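Remember, predicted model here, so these are calculated numbers, not experimental data. Chain letters run A, B, ... following the sequence lines, proteins first and then strands; every chain starts at 1.
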Number of protein chains: 2
Amino acid sequence: MARRSYHQYCALARTLDLVGERWTLLLVRELLSGPARFKDLQVGLAGMGTNLLSDRLKELVEAGLIEREDRLYQLTPRGRELEESVVALARFGAPLLGERSAQELWRAEWNVVALQYAFCPERAKNAEGVIEYRIDESCVQAKLTSGALETAGEARWEPDVVIRADGETFLQLAAGELDPKNAEEQGRLELIGSRRLWRTSLRVFSVAR
Amino acid sequence: MARRSYHQYCALARTLDLVGERWTLLLVRELLSGPARFKDLQVGLAGMGTNLLSDRLKELVEAGLIEREDRLYQLTPRGRELEESVVALARFGAPLLGERSAQELWRAEWNVVALQYAFCPERAKNAEGVIEYRIDESCVQAKLTSGALETAGEARWEPDVVIRADGETFLQLAAGELDPKNAEEQGRLELIGSRRLWRTSLRVFSVAR
DNA sequence: CGGAATCCTCTTCGATACTG
DNA sequence: CAGTATCGAAGAGGATTCCG
């Protein structure tokens, strides 16, 4: 059974033949946070049948976008090239994030993508350092180096500042509904390390541009 | 009948809820060339059922990404914001464009996207002018202004150079299988206007980067 | 001509149950 | 835990017909 194809000699169509099916780009998003197991993936892809997840993983391993080592899945360098597309699509969708409905899932790891579309290079010219977000049980890092950004969904670098909050607090801060100063005074936000880098981060990451 | 949704509070998921279904991004690609009628769209979306095309158009009009004036469909400014994502996805797919199989469709208008992912801003610092590609019956324009690129799938600006070729010739040139000089000597490629801008274009548009 | 609606078949998806 | 198997539901694809 051959995969369904658009049969077009077009770069966009070729990409969509590969990753355009339902769930596939969300699966890539999950792996942009770092290597994951089947079970981990299921959490961020709630509603996706296990058979479908299994099939997709096989297809993407076959296509050379994912590699499997023992029971750990991760993106290959080629697979990681999808990051640019994922971030572009997410940037388009950012204005659509209004209220969060009760039935909607949210995971702190998704900030690995959110940080990237919220990043303003022109405001980060002289920003340097590693910012670590500890939200609920998760850890997301942003590494700033001379106007460029790298992100990770796990503790990969030594942090210069650690920001700790629960998910609800973090979402309110991101939405601009809660003032960082107030949050800290209320004890809902804890800072360890460089306050200067923290203030820089508030300037550098901004959804409204 | 509510639209299917991923039910995730995530910018990527929100975008895919809107344009992640089969054919939708290819439909956007078609409209990136300029306004089109139902019949025109069917040509570039061969294999898509008329009912499906009709449904998708309605959904996208509803979502504010497309507007319909009389019988002409075109992207709204918000819809045009998808260009960045479409180009990023196509850039990813460019290395997958190997041989063109016999059953695969190709349309010269798709170069509106191809020119954008092939564009190297750093090589176009001092490039200025409008390049017009006349391939078979179609017209695609590229407007260079101080390191930036605009494209159109129709005659929108006064061209500084017009390049005329048939589709086969153009594909061979793009693939690097045919030397521009040879093509011209063989009469398969015709140039009218600024030869200097033509040479610039060869440097500025390059798939291998 | 430019679509919209219907009908029928086929594929894919989604949920659950089951197995190594 | 990491999948595989199964089956009903939903969506896609193609032909044809209807309508203004």
Taking only the side-chain nitrogens and oxygens of [X], find out if one of them lies under 4.0 Å from OP1 or OP2 of [N].
| X | N | result |
| --- | --- | --- |
| B:Arg56 | D:dA12 | yes |
| B:Tyr6 | C:dC13 | no |
| B:Arg4 | D:dA9 | no |
| A:Arg3 | C:dT12 | no |
| B:Trp23 | D:dG13 | yes |
| A:Lys58 | D:dA2 | no |
| A:Thr50 | D:dG3 | no |

**Q.** Cationic tip of B:Arg188 above B:Phe170 ring, under 6.0 Å, 45° of axis
**A.** no
Q.
Counting only heavy atoms from other residues, nucleotides and ligands, does the tally under 6.0 Å from CD of A:Glu177 exceed 12?
A. yes
Q. Can you tell which of C:dG3, C:dC13, D:dA12 lies closest to the side chain of A:Glu21?
A. C:dC13
Q: Can you figure out which of C:dG2, C:dA4, C:dG14 approaches the side chain of B:Lys39 most closely?
A: C:dG2
(Q) Does the plane of the ring in B:Tyr6 sit parallel, tilted or perpendicular to the ring in A:Trp23? Use 30° and 60° as the thresholds. (A) perpendicular
(Q) Ring-plane angle category for B:Phe205 and B:Phe119, please: parallel below 30°, perpendicular beyond 60°, tilted otherwise. (A) tilted
(Q) Using only modelled atom types and a 3.5 angstrom limit, is any donor from either the side chain of A:Asn51 or the base of D:dG3 paired with an acceptor on the other? (A) no
Just how far, in rounded Å, is [atom2] of [N] from [atom1] of [X]?
| X | N | atom1 | atom2 | answer |
| --- | --- | --- | --- | --- |
| B:Leu57 | C:dA5 | CG | P | 13 Å |
| B:Phe38 | C:dA4 | CZ | C1' | 8 Å |
| B:Glu59 | D:dG11 | CD | C1' | 11 Å |
| A:Leu52 | C:dT12 | CG | P | 11 Å |

Q | Residue met sooner reading DNA chain D from 5', once A:Arg37 and B:Arg71 are mapped to nucleotides | A | A:Arg37
Q | Student check: side-chain heavy atoms of B:Phe38 and B:Ser54 closer than 4.5 Å | A | yes
